[in-house]
A.B. asks: 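Quick one: the structure is below, questions incoming.
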Amino acid sequence: VQLQASGGGSVQAGDSLRLSCAASGRTSRPHDMGWFRQIPGKEREFVAGIRWRPGDTKYADSVKGRFTISRDRDKNILYLQMNVLTPEDTAVYYCARSEAYYVLESIPVKDYEYDYWGQGTLVTVSS
């Protein structure tokens, strides 16, 4: 499985961005997907996740109400719509896929619960 993240860029506070993550390879197995972000010198943190079925979502408190995770099953693309961006959202954003759908009872939020990672896309928000 390969994940390719895109959509990052430099924006002003209050702007919006939509990140995409295209999956290729053996994508048909049930799996959960998530977005993480990382600031240099800090640990990677969970941002949002979406369950394989029925499509439940979960968000970090810091982005709840501003970010929306979604997926297009037919195209194997994961999205992260980010609205009302703030400088605190500046980070490298990573998409990830978890193969532990039949093991975990809820959306994984720890990075070690994910098996595949995209290369990261940089989001910079200036005030």
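On a predicted model such as this, the values are computed, not experimentally measured, just so you know. When reading the values below, keep in mind they use all heavy atoms of this one structure, side chains included, and skip hydrogens, waters and symmetry mates.
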A.B. asks: Do Met82 and Leu19 have side chains that get closer than 4.5 Å, going by heavy atoms?
C.D. replies: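 Touching, per the 4.5 Å side-chain cut-off.
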A.B. asks: Between Glu113 and Ser98, do the side chains contain a donor N or O and an acceptor N or O under 3.5 Å apart?
C.D. replies: no
A.B. asks: Let me know which of Thr68, Val123, Thr121, Val47 forms a side chain to side chain contact (heavy atoms under 4.5 Å, CB included) with Leu80.
C.D. replies: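 Between Leu80 and the candidates, side chain to side chain contact (heavy atoms under 4.5 Å, CB included) is satisfied uniquely by Val47.
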A.B. asks: Quick one: does Arg66's side chain have a donor or acceptor within less than 3.5 Å of a partner on Val84's backbone?
C.D. replies: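 At least one qualifying donor-acceptor pair exists.
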A.B. asks: Considering non-hydrogen atoms only, spot the tightest contact between Ala13 and Ser127 and give its length.
C.D. replies: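 Scanning both residues, the minimum pair turns out to be CB-CA, 4.2 Å.
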A.B. asks: With rounding to the nearest 0.5 angstrom, report the OH to NE2 distance, Tyr102 to His31.
C.D. replies: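 It comes to 11.5 Å.
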A.B. asks: Cationic tip of Arg44 within the cone over Tyr94's six-membered ring, i.e. under 6.0 Å and within 45° of the normal?
C.D. replies: yes
A.B. asks: Answer yes if Tyr93 and Leu3 sit in the same cluster of Ile, Leu, Val, Met, Phe, Trp and Tyr residues linked by side chain heavy atoms under 4.5 Å apart, and no otherwise.
C.D. replies: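 They do share one cluster, since a chain of ILVMFWY contacts under 4.5 Å joins Tyr93 to Leu3.
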A.B. asks: Can you check whether Leu85 reaches Leu17 side chain to side chain, under 4.5 Å on heavy atoms?
C.D. replies: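 They are in contact (side-chain heavy atoms under 4.5 Å apart), so the answer is yes.
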A.B. asks: Quick one: closest heavy-atom pair of Leu122 and Ala91, and the distance?
C.D. replies: CD1-O, 3.6 Å
A.B. asks: Distance check, rounded to the nearest 0.5 Å: Asn76 atom CG versus Arg97 atom CZ?
C.D. replies: 8.5 Å
A.B. asks: Suppose we screen for ring pair (Phe, Tyr, Trp, His ring centres under 6.0 Å). Which residues come up paired with Phe36, at least two apart in sequence or across chains?
C.D. replies: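 In terms of ring pair (Phe, Tyr, Trp, His ring centres under 6.0 Å), with neighbours along the sequence ignored, Phe36 is linked to Phe46, Tyr114, Trp117.
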A.B. asks: Any chain of hydrophobic side-chain contacts (each under 4.5 Å) joining Val1 to Met33?
C.D. replies: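 Same cluster.
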A.B. asks: Just how far is it from atom OG of Ser24 to atom CD1 of Ile77, taken to the nearest 0.5 Å?
C.D. replies: 11.0 Å
A.B. asks: Taking the side chain from Thr57 and the backbone from Ile50, do they hold a donor-acceptor pair closer than 3.5 Å?
C.D. replies: no
A.B. asks: Quick one: pull up CZ in Phe67 and OG in Ser16 and give me the separation to the nearest 0.5 Å.
C.D. replies: 9.5 Å
A.B. asks: If hydrophobic clusters are built by linking Ile, Leu, Val, Met, Phe, Trp and Tyr wherever their side-chain heavy atoms come under 4.5 Å apart, do Leu78 and Tyr116 end up in the same one?
C.D. replies: yes
A.B. asks: Let me confirm one number: the CG-CZ distance from Asp56 to Arg51, rounded to the nearest 0.5 Å.
C.D. replies: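 Reported to 0.5 Å precision, the distance equals 8.0 Å.
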A.B. asks: For residues Tyr79 and Trp35: do they belong to one hydrophobic cluster (side chain heavy atoms under 4.5 Å, members Ile, Leu, Val, Met, Phe, Trp, Tyr)?
C.D. replies: no
A.B. asks: From Arg37 CZ over to Glu45 CD, what is the distance, rounded to the nearest 0.5 angstrom?
C.D. replies: 4.5 Å
A.B. asks: Check Ala5 against Gln119 and note the closest heavy-atom contact, atom names and distance.
C.D. replies: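 Closest pair (atom of Ala5, atom of Gln119, distance): O-NE2, 2.8 Å.
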